[in-house]
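First the structure, in the form of structure tokens, and then the observations on it.
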Amino acid sequence: MALKAVNVTDVPNLDQVPENNASLSLYSSLFSSEELELNSEATFKVPKFLVIGHRGHGMNILQSTDSRMKAIKENTILSFNSAAKFPIDFIEFDVQVTKDDCPVIFHDDFIFSEENGTVFEKRVTELSLEEFLCFGPQREAGKQGKSLLRKTKDGKILNWNVETDDSFCTLAETFQKVDPSLGFNIELKFDDHIVYQQDHLIHVLQVILQVVSEYAKDRPIIFSSFHPDAAQLVRKLQNTYPVFFLTNGGTQVYYDVRRNSLEEAIKVCMEGGLQGIVSEVKGVFGNPGAVPRIKESKLSLLTYGKLNNVPEAVCMQHLMGIDGVIVDFVQEISHAVDDMIVKPLNEGLREGDEETETKSKLQFSQQELSFLLKLIPELIHH
């Protein structure tokens, strides 16, 4: 992995992207302006514990024995609207830009297909929109799309078979066709193995921001990216929406040291005026002492990862002060959060209990919580 550091302070404030003056009202469908604040000083407050659907209704793991990981094609309109049926706040999805400047929703860097017995790969950003949409199920009745395969982390190439399939979509379509009450966590995708020039990053981000400006209306939006320069640039290019830096939290090592720890993630945020961090949950459980440091820096903290599909792990994060979770098992986790966190808090509010913010069905004393926080890193490392 190689990333070229760019000096974000050298980037001008660009006029090409129209700015919506009603920045705070964009969140009115979920949060009041008293609960959520985003201003020129980059302050941002998450008013409740957020549940966010990963790639919509959940990511696809084709080799998994769990049918839930192959239920609905990830990053599709069907997946997004299926997730919206449950009590969640946002969906997370991945945006890349085609060679003819159209933002599309797709996670992987490459699309794999098979023709005449030969498997071939195409880089998403080197395809035109028309070429991109030719893969997989087609919207036009009777039209046959090109076969769609996927390369797994261990190098296997499998047919991308799911129980309920759907066609690829663009960012503009997603805004138009997905339940308007659902917030969007838009991950800005870049290839870890490419060194991007600053001009290219700015161009890609402007293309995406143009679509957001045109279609967002009152929808809550959070931008995020693993690419530290892209994250800082999108913050520089607009001040309407919060920007979070994505990190593995030290669970993997990268050439760019800014990606290698929660401490480095804090630095990226503070230097670029970002509003929060999204970390692999193991990175947080392995380093729970980073949570108060993140909070002291007035940053929000969300997590992602397989452990977020375990209700007890999610509720533990709530007790630690984490602001929300990105999950694959949308139905199970949203209901667990509602049962273990939301309902007890609401009941306490009705009873006039001043300590409701710390209450849930999983209640620990401060001593017990301290013990658990010391124990969790040991469990993660073994």
Side-chain angles (χ1 to χ4, degrees), residues 46 48-61 63-72 74-75 79-80 82-94 107 153 182-187 222 224-226 244-252 262 265 276-288 290-291 294-295 299-342 360-362 364 369 372-373 375-377 379-382:
V46 175
K48 56 172 288 193
F49 188 77
L50 301 179
V51 178
I52 302 170
H54 188 207
R55 305 181 200 173
H57 192 263
M59 70 181 293
N60 296 150
I61 300 182
Q63 66 273 37
S64 175
T65 56
D66 191 327
S67 61
R68 292 174 293 183
M69 306 305 294
K70 296 174 283 188
I72 303 174
E74 69 179 37
N75 276 336
S79 182
F80 301 153
S82 296
K85 295 175 182 178
F86 302 101
I88 66 172
D89 307 288
F90 283 73
I91 51 170
E92 179 271 351
F93 54 79
D94 312 278
H107 175 271
K153 287 186 176 181
L182 202 58
F184 285 176
N185 173 195
I186 301 175
E187 180 182 339
I222 296 172
S224 63
S225 184
F226 281 105
F244 284 36
F245 179 51
L246 272 158
T247 177
N248 294 95
T251 60
Q252 289 178 267
L262 288 170
I277 294 170
V278 185
S279 174
E280 218 293 345
V281 61
K282 287 185 178 180
V284 175
F285 279 162
N287 183 14
V291 176
I294 290 169
K295 294 299 176 178
L299 298 171
S300 298
L301 176 60
L302 307 175
T303 66
Y304 71 92
K306 291 181 181 179
L307 279 175
N308 281 355
N309 295 322
V310 180
E312 292 78 8
V314 170
C315 290
M316 183 66 195
Q317 293 177 69
H318 175 255
L319 292 172
M320 293 171 66
I322 291 166
D323 298 299
V325 289
I326 300 173
V327 307
D328 293 303
F329 298 163
V330 170
Q331 179 176 355
E332 294 85 346
I333 299 303
S334 63
H335 287 162
V337 167
D338 193 52
D339 186 46
M340 294 182 177
I341 298 173
V342 177
S360 72
K361 283 190 177 180
L362 290 180
F364 299 96
L369 183 58
L372 285 170
L373 291 177
L375 178 62
I376 286 173
L379 296 176
I380 293 296
H381 293 147
H382 287 83

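Below, each value reflects all heavy atoms present in this structure, side chains not excepted, and no hydrogens, waters or symmetry copies. These numbers come from a predicted model, not from an experiment. Here, residue 1 is the first one in the sequence, and each next residue gets the next number.
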Could you pull out the closest heavy-atom pair between [X] and [Y], with the gap in Å?
| X | Y | answer |
| --- | --- | --- |
| L301 | I322 | O-CG2, 3.3 Å |
| S82 | I72 | OG-CD1, 3.5 Å |
| F90 | N185 | CD2-N, 3.8 Å |
| L246 | S224 | CD1-OG, 3.6 Å |
| A83 | I88 | O-CD1, 3.5 Å |
| D328 | M59 | OD1-N, 2.9 Å |

Sub-3.5 Å donor-acceptor pair from the side chain of [X] to the main-chain atoms of [Y], do we have one?
| X | Y | value |
| --- | --- | --- |
| N308 | V327 | no |
| D89 | V51 | yes |
| K282 | T251 | no |
| E92 | R55 | yes |

Geometric class of the F80/F184 ring pair [parallel <30°, tilted 30-60°, perpendicular >60°]: tilted
Parallel, tilted or perpendicular: rings of Y304 and F226 (30°, 60°): perpendicular
Stepwise side-chain contact (heavy atoms from CB on, under 4.5 Å) check, F49 with D323: CA-CA 5 Å; F49 188 77; D323 298 299; 5.9 Å; no
Indicate yes or no: at least one non-hydrogen side-chain atom of [X] is less than 4.5 angstrom from one of [Y].
| X | Y | result |
| --- | --- | --- |
| P311 | I333 | yes |
| V284 | L262 | yes |
| F329 | H54 | no |

Could you give the distance from [atom1] ([X]) to [atom2] ([Y]), rounded to the nearest 0.5 Å?
| X | Y | atom1 | atom2 | result |
| --- | --- | --- | --- | --- |
| E280 | F285 | CD | CZ | 10.0 Å |
| T247 | I277 | OG1 | CD1 | 7.5 Å |
| T303 | I52 | OG1 | CD1 | 9.0 Å |
| N60 | S79 | CG | OG | 7.5 Å |
| M340 | M316 | CE | CE | 13.5 Å |
| S225 | F245 | OG | CZ | 8.0 Å |

Residues, nucleotides or ligands: over 12 heavy atoms within 6.0 Å of K295 NZ: yes
